[in-house]
Number of protein chains: 2
Amino acid sequence: MNISHAAKASGLPVKTVRYYADIGLVAPAGRTEAGYRSYDAASVRRLAFIRRAREFGFSIEESRELIGLYQNDARSSADVKKLAAKRLEQIEQKQRELQVLHDELKHLVRACRGDNRPDCPIIDYLG
Amino acid sequence: MNISHAAKASGLPVKTVRYYADIGLVAPAGRTEAGYRSYDAASVRRLAFIRRAREFGFSIEESRELIGLYQNDARSSADVKKLAAKRLEQIEQKQRELQVLHDELKHLVRACRGDNRPDCPIIDYLG
DNA sequence: CGAAACCTTCCCGTAAAAGGATAGTTAAGC
DNA sequence: GCTTAACTATCCTTTTACGGGAAGGTTTCG
């Protein structure tokens, strides 16, 4: 399977598939005589696994850990849960930060008349 | 006022103050004979304005627009409100995305036993 | 006067690719 | 069988918003 086929099958752009090969995250199954990367079902599964991990917001390095566990039959679910719980905590932290920002900014936007006069509580606040 | 003094007064790192000068966001008031950047009260106010805009999550380019309005006495509050409302929408979009992620991941983490056995709904889901 | 504490520019590295240049390879159509 | 379109390869640059550090000039303190 050539790289564009593997890309489609895994739901990733070709550039990204090549990038993942370059950084040693998902190696192609092999190379053709002409040097073209070739992928098989297993390597495509790994690509799709990474795509889903990334969609969850796991970093490349976290995804690397996860795929290590994915391919390790002797893994413990505790190890996986630990990574997921850490990511969950990151998400919750970001949510708290965004909530504060949201409330402050919403307050300012509501207080701003938004007409053609220059006085503006948003500018007042920032300045 | 030398750069480290201006940095302290504005609450920014020296590196960042230099960077803002390089990209034409906040120019120093002038240069000494030896080529040192020198800042006055007005330029420090601009630095602090940018710092607060950045803390609100406005990008550098958005901050550049905002400071343009800040320094423009003929601005309309509608222009400022437009930028702020756009940023507010970005925040709300991010909040919605994070909420979906949070709920899914939380569900998976709850369902995972987290013991020393290999079977794990998180891995199952990603794979 | 010498050393510490400034300051300058320049270049590299970050995360995670995307975009583009240039060149080699393969598949399709006629 | 030949052209050409559509692939593929590597390599380099760009993105965001700086941070780290080198090499070297300046100022200030004791």
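Chain identifiers are assigned alphabetically (A, B, ...) following the order of the sequence lines, protein sequences preceding nucleic acid strands; residue numbering begins at 1 within each chain.
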Are [X] and [Y] close enough that a side-chain donor and a side-chain acceptor fall under 3.5 Å?
X     : Y      : value
A/Q93 : A/E97  : yes
B/Q90 : B/R87  : yes
B/S77 : A/D115 : yes

Residue of the set B/H107, B/K106, B/Q99 for which side-chain hydrogen bond (donor to acceptor under 3.5 Å, both in side chains) holds with B/D103: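 Filter result, single survivor: B/Q99.
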How close or far is atom [atom2] of [N] from atom [atom1] of [X], stated in whole angstroms?
X     : N      : atom1 : atom2 : answer
A/L25 : C/dA15 : CG    : P     : 14 Å
A/Q90 : C/dA15 : CD    : P     : 14 Å
B/Y19 : C/dC11 : OH    : P     : 17 Å
A/E61 : C/dA17 : CD    : P     : 12 Å
A/I23 : C/dA17 : CD1   : C1'   : 9 Å
A/D22 : C/dA15 : CG    : C1'   : 15 Å

Minimal non-hydrogen separation, A/S63 against A/A53, with atom names: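 Where A/S63 meets A/A53 most closely, the heavy atoms are OG-CB, 3.7 Å.
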Would you indicate what [X] reaches in the nucleic acid, counting non-hydrogen atoms under 4.0 angstrom: base, sugar-phosphate, or nothing?
X     : value
B/R37 : sugar-phosphate
B/T32 : nothing
A/I3  : sugar-phosphate

Nearest-nucleotide wise, let me know which of A/Y20 and A/E33 is further upstream toward the 5' end of DNA chain C.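 The residue mapped nearer the 5' terminus is A/Y20.
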Under a single-linkage definition using a 4.5 Å side-chain heavy-atom cutoff for Ile, Leu, Val, Met, Phe, Trp and Tyr, are A/F49 and A/L83 assigned to the same hydrophobic cluster?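 Cluster IDs for A/F49 and A/L83 match.
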Do A/L25 and A/V80 share a hydrophobic cluster, counting only Ile, Leu, Val, Met, Phe, Trp and Tyr and linking them when any side-chain heavy atoms are less than 4.5 Å apart?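 Yes; tracing contacts between hydrophobic side chains, which count when under 4.5 Å, links both residues.
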Which of the following nucleotides, C/dT8, C/dA18, C/dA16, is nearest to the side chain of B/R18?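 In terms of side-chain proximity for B/R18, the closest of C/dT8, C/dA18, C/dA16 is C/dT8.
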Which listed nucleotide (C/dG19, C/dT25, C/dA16) is nearest to the side chain of A/Y36?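 So the nucleotide nearest the side chain must be C/dT25.
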Between which nucleotides of DNA chain D, 5' to 3', does chain B make heavy-atom contacts below 4.0 Å?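 Going 5' to 3' along DNA chain D, contacts run D/dA17 to D/dT27.
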Looking at B/N2, does any N or O in its side chain come under 4.0 Å of the phosphate oxygens OP1/OP2 on C/dC7?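 Affirmative; the distance criterion is met.
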Does C/dT9 have OP1 or OP2 under 4.0 Å away from a side-chain N or O of B/R31?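 Looking at the OP1 and OP2 atoms of C/dT9, one of them is under 4.0 Å from a side-chain N or O of B/R31.
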Taking the nucleotide of DNA chain D with the nearest heavy atom to each, does B/A34 or B/R54 sit closer to the 5' end?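 It is B/R54, whose closest nucleotide lies nearer the 5' terminus.
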